[in-house]
Amino acid sequence: MTRRLQAEDLLSFKLAGDVQMALTGDRIAYVVKSVDREKNSYKTAIYMVRPGEEPVRFTGGESDASPQFSPDGTHLAFISKRSGQPQIWVMRVDGGEAWQLTRVQGGVVEFRWAPDSRRIAFTANLKEDGIQPEVKEEKEEDLFKKHTKDVKVITELFHKLDGEGYFGPRRPCLCVIDVAEGAQPRQLTYPPYRVSGLSWSPDGNTIVFESRMGPDYDRDSEDIRIYAIPATGGEPKELTPAGFACGRPEVSPDGKTVALVATLLEEMGYDNPGIYLVPLEGGPMTRVAGDWDRPFTNETVTDMPAPGRDRLIWSPDGRYIYSICSMEGTTQLVRVEVATGTVTVLTRGDRQIYSYSLDAACRKAALGIADPLNPGDIYLADLETGAEERLTRLNEELLSQLELSEPKRFRARAEGGPEIDGWVMKPCGFEEGKRYPTILFIHGGPMAMYASSFFFEFQLMAAQGFGVVYSNPRGSMGYGQEFCMAIQREWGNKDYADIMAVLDQAIAENPWIDPDRLGVTGGSYGGYMTNWIVSHTDRFKAAVTGRSVVDWRAMSGTDDVGPTWTKRAAGVPHWVDDSWYKQQSPITYVENVRTPILIEHQEGDLRCPVEQALMWYTAIKYLNRAPVKLVLYPNEFHGMSRTGKPWYRVHRLVEISNWFNQYLKG
């Protein structure tokens with residue numbers, strides 16, 4: 001006997017990810033993320049599984065994450081907050097007690113084993129005074145400093161980042177430490193530069209990383225470059241040219257080449273992230289598989305993201321590079337032949353691969369896989385035969401209790417446009433001959449995609465008795481560069497046509513959808529499109545807009561990526577000519593809004609600042625032509641619906657359910 005999904009069920013799901021396979025292929029470590037209801041927070045633990053055996057919990061802490069096997073297979077290192085701050089801990093793979101390797105004030109952000117298994121490179125949040133010993137609480141005796149330490153003094157153009165906040169004096173700096181108890185780390189880079197994405201050369205003499213250095217380091221937050229530095233310290237060497245957003249560097253097995261993923265800055269994120277090569281000693285950057293018209297990234301939008309890292313992996317002979325690739329609403333593991341650029345898709349299925357790791361020979365892959373009816377489990381795949389073994393069944397008992405709705409994919413086309421992927425979900429308890437209110441969902445980005453993955457909010461709305469329709473309109477990733485770039489300069493035109501064409505096709509193919517009881521909702525770009533829709537049509541009887549944009553003039557300079565919007569306006573700032581900004585802003589058309597609309601936003605959102613919600617709410621309330629409600633969540637960033645405080649996420653879902661029940665069923 002099954003039951004309907006409830007909002008609080010969100011707190012019962014566990015997410016498995018950040019899968020790491022030992023090079024020997026005989027052990028797989030992964031992270032399990034769960035909710036602590038009482039503390040309103042998340043717990044993470046590391047589990048270990050061998051093929052053919054049951055998984056076992058490997059670490060005993062409640063904040064253990066980011067596992068990495070040593071190259072020689074004898075140890076597992078991970079990041080834990082057991083001492084108060086995130087630090088690197090190490091334990092033998094055959095068990096025993098974990099011991100703390102780093103004790104750095106500010107904590108560790110990420111790390112990478114050296115090829116000799118005797119050293120670890122890591123980034124730590126350091127001030128200008130460099131590495132200091134970890135203390136549980138930094139005491140300040142000076143009363144002036146003590147009571148003014150929260151004051152923000154800003155001198156940089158790029159000075160904040162959603163999910164992190166306003167930058168203080170601490171910056172992620174590169175350090176190296178010997179793997180031995182009592183070892184002291186050595187600092188290689190210094191503030192104000194920010195370092196991430198570490199990789200070692202095979203001889204252990206060089207570390208490559210992502211950063212933005214030089215006198216104009218803060219001028220363009222997306223102009224990230226790849227650098228190389230001697231592992232013993234020295235001057236970083238810039239390897240990649242200006243004009244690209246570079247990341248995920250990996251040094252080739254022969255130590256001569258760095259593979260990386262990059263996009264052209266001039267395309268503003270609407271081009272496919274491609275794989276590039278650059279000589280470690282310096283030289284021109286070249287693209288691999290330039291004719292492959294899909295992104296070498298996971299662009300899936302889901303409200304249940306599992307832990308994971310998306311890195312490139314070289315084959316041991318240097319012939320191939322492995323990556324996750326987004327393709328038509330799925331994500332797959334692919335292999336790219338370096339010499340020819342030939343791309344081979346190694347996995348199949350209408351699903352999402354969100355995490356992967358390979359053995360030393362690149363014959364086996366450990367995979368984190370989700371589908372529309374399961375938020376994720378760990379699998380072992382034989383890349384030569386295609387055979388797969390399921391290693392975990394993390395939510396099997398809970399899922400067996402629930403009545404879920406399985407999405408049905410279909411195609412639609414707006415006049416003059418390409419075919420668009422759409423999905424429709426029947427309401428739970430569906431009865432033939434009845435008509436049901438239906439909600440249209442719009443994803444964020446827009447350079448992202450809905451995929452064949454588990455989406456809690458969709459299932460909750462189906463459990464509430466609503467039909468669900470969603471799509472990947474032009475602007476989405478995974479369908480080619482031309483498809484994505486179609487809306488680069490203008491939102492609300494071609495994408496609007498695609499979204500409406502999908503809805504019309506869904507209604508035509510599914511007579512159970514009641515065209516007189518339609519709702520619309522979305523977050524971020526999806527919130528923008530929801531605002532745009534209700535200010536351009538009265539077709540919908542209710543709307544919910546989340547963490548949205550309403551005024552591009554206000555966005556330019558208040559969010560964490562402000563200069564990008566000026567680029568979309570042909571480089572013309574709004575104080576010179578605000579024509580584009582006004583035409584593209586839903587606030588310009590607010591007097592047309594007649595649809596009851598719920599506005600939800602996060603007060604700490606730095607991607608779409610909360611003023612956007614306040615402007616939208618105030619204008620609609622002042623005009624008094626449509627019911628409007630504003631719900632604000634304190635101390636939360638843009639991604640609250642995915643990773644925010646658990647009970648806030650439940651509260652948001654309840655508010656959305658109540659709003660649609662009131663206006664689509666009342």
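All residue numbers refer to positions in the sequence shown, counting from 1.
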Stepwise ring pair (Phe, Tyr, Trp, His ring centres under 6.0 Å) test for Y217 and F158: CA-CA 9 Å; Y217 73 95; F158 177 45; 9.0 Å; no

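- Partners of F244 by ring-ring contact (aromatic ring centres under 6.0 Å, His included), not counting sequence neighbours, listed by chain and number: Y276.
- Other residues, nucleotides and ligands place more than 12 heavy atoms under 6.0 Å from the CZ atom of R409.
- To the nearest 0.5 angstrom, Y528 atom OH is 12.0 Å from C608 atom SG.
- A heavy-atom distance below 4.5 Å is found between the side chains of S196 and E110.
- Below 30°, between 30° and 60°, or above 60°: for F13 and F454 the angle between ring planes is between 30° and 60°, a tilted geometry.
- Side-chain contact annotation: R248 with S323, donor-acceptor N/O pair under 3.5 Å present.
- Around the CD atom of E164, the shell of radius 6.0 Å holds more than 12 heavy atoms that belong to other residues, nucleotides or ligands.
- The backbone N or O of P473 sits nowhere less than 3.5 Å from a side-chain atom of D495 that would complete a donor-acceptor pair.
- Inter-residue side-chain proximity for M449 and V301 is flagged as unmet; no heavy-atom pair is nearer than 4.5 Å.
- Looking only at side-chain heavy atoms (C-beta outward), I226 and F209 stay at 4.5 Å or farther from each other.
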Candidate pair D382 and R363, rule salt bridge (charged side-chain N to carboxylate O under 4.0 Å, His left out), full reasoning: CA-CA 6 Å; D382 186 318; R363 294 192 181 97; over 6 Å; no

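- Looking only at side-chain heavy atoms (C-beta outward), M485 and E267 come within less than 4.5 Å of each other.
- The CG atom of L277 sits 4.5 Å away from atom OG1 of T286, with the distance rounded to the nearest 0.5 Å.
- In this structure, I28 and L391 have side chains that are in contact, with non-hydrogen atoms separated by less than 4.5 Å.
- Under the 3.5 Å distance criterion, the side-chain polar atoms of R642 are left unmatched by any main-chain donor or acceptor of M304.
- T302 and T300 are not linked by any side-chain donor-acceptor pair at a separation below 3.5 angstrom, with hydrogens and angles left out of the test.
- Side-chain atoms of S201 come within 3.5 Å of backbone N or O of T206 as a donor-acceptor pair.
- T102 contributes a side-chain N or O that, together with a main-chain N or O of I88, makes up a donor-acceptor pair within less than 3.5 Å.
- Once rounded to the nearest 0.5 Å, the distance linking OG1 of T189 with CZ of R194 reads 11.5 Å.
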From CA spacing to verdict: salt bridge (charged side-chain N to carboxylate O under 4.0 Å, His left out), R212, D216: CA-CA 8 Å; R212 180 77 162 90; D216 60 347; 3.4 Å; yes

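- When every heavy atom of S315 is checked against every heavy atom of P253, the shortest pair comes out as O-CG, 3.2 Å.
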Stepwise side-chain contact (heavy atoms from CB on, under 4.5 Å) test for R294 and E328: CA-CA 9 Å; R294 296 295 182 269; E328 292 81 35; 2.4 Å; yes

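- Between the side chains of Y30 and D18, no donor-acceptor pair is found at a separation under 3.5 Å.
- Checked by atom type, the side-chain pair N272/D293 shows a donor-acceptor distance below 3.5 Å.
- For the atom pair T392 OG1 and D377 CG, the distance stands at 3.5 Å (nearest 0.5 Å).
- Taking the side chain as every heavy atom from C-beta outward, K43 and K14 never approach each other to under 4.5 Å.
- With ring centers used as reference points, Y322 lies 6.0 Å or more from W314.
- Side-chain atoms of W113 do not come within 3.5 Å of backbone N or O of R119 as any donor-acceptor pair.
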Stepwise ring pair (Phe, Tyr, Trp, His ring centres under 6.0 Å) test for F58 and Y47: CA-CA 5 Å; F58 190 68; Y47 282 69; 9.9 Å; no

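- Heavy-atom neighbours of E389 CD from other residues, nucleotides or ligands within 6.0 Å: above the threshold of 12.
- Counting non-hydrogen atoms of other residues, nucleotides and ligands closer than 6.0 Å to CD of E53 gives a total above 12.
- Screening residues 25-34 for salt bridge (charged side-chain N to carboxylate O under 4.0 Å, His left out) gives D26-R50 as the qualifying pairs, with residues at least two apart or on separate chains.
- Side-chain contact annotation: T331 with Q352, donor-acceptor N/O pair under 3.5 Å absent.
- When atom types are taken as modelled, the side chain of R649 and the backbone of S641 share a donor-acceptor pair closer than 3.5 angstrom.
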Derivation and outcome, side chain to side chain donor-acceptor pair (under 3.5 Å), residues D350 and T330: CA-CA 6 Å; D350 204 15; T330 73; 5.8 Å; no

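- Dense packing is recorded around NZ of K160, with more than 12 heavy atoms of other residues, nucleotides or ligands lying under 6.0 Å away.
- Here the side chain of Q332 pairs a donor or acceptor atom with the backbone of G349 at under 3.5 angstrom.
- The pair R311-E250 meets the salt-bridge criterion, with a side-chain N (NZ, NE, NH1 or NH2) lying under 4.0 Å from an Asp/Glu carboxylate O.
- With S70 contributing its side chain and H75 its backbone, the two residues share a donor-acceptor pair below 3.5 Å.
- Counting heavy atoms from C-beta outward, T344 and V334 have side chains that stay 4.5 Å or more apart.
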Residues L367, V19; criterion side-chain contact (heavy atoms from CB on, under 4.5 Å); working and verdict: CA-CA 7 Å; L367 305 174; V19 60; over 6 Å; no

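- Side-chain contact between D559 and L606 is absent, with no heavy atoms from C-beta onward closer than 4.5 Å.
- The local environment of CG in D291 is sparse, with at most 12 non-hydrogen atoms from other residues, nucleotides or ligands closer than 6.0 Å.
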D220 and K567: CA distance, side-chain angles, deciding distance, salt bridge (charged side-chain N to carboxylate O under 4.0 Å, His left out) verdict: CA-CA 12 Å; D220 194 330; K567 293 178 183 178; 3.3 Å; yes

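- Side-chain atoms of S252 never come within 3.5 Å of backbone atoms of V258 as a donor-acceptor pair (strictly under, hydrogens ignored).
- Annotation: cation-pi pair R309/Y356 absent, no NZ/CZ under 6.0 Å from the ring centroid and within 45° of its normal.
- Under the 3.5 Å distance criterion, with hydrogens and angles disregarded, no donor-acceptor pair is assigned to the side chains of S452 and D371.
- Using the six-membered ring where Trp is involved, W423 and Y470 have ring planes that are parallel, under 30° apart on the 30 and 60° scheme.
- Residues H638 and D605 bring a donor and an acceptor atom of their side chains to less than 3.5 Å of each other.
- Atom OH in Y193 sits 8.5 Å away from atom OG in S211 (nearest 0.5 Å).
- In this structure, the side chain of S326 engages the main chain of E299 through a donor-acceptor pair within 3.5 Å.
- If you check the side chains of S66 and Q68, you find no donor sitting under 3.5 Å from an acceptor.
- In this structure, OG1 in T347 is found 12.5 Å from OH in Y379, a value given to the nearest 0.5 Å.
- Atom CD of E419 sits in a crowded spot, with more than 12 heavy atoms from other residues, nucleotides or ligands closer than 6.0 Å.
- Cation-pi geometry between R474 and F483 is not met at under 6.0 angstrom from the ring centre and within 45 degrees of the axis.
- Between K494 and E482 there is no salt bridge, since none of the side-chain N atoms of the basic residue sits less than 4.0 Å from a carboxylate O of the acidic one.
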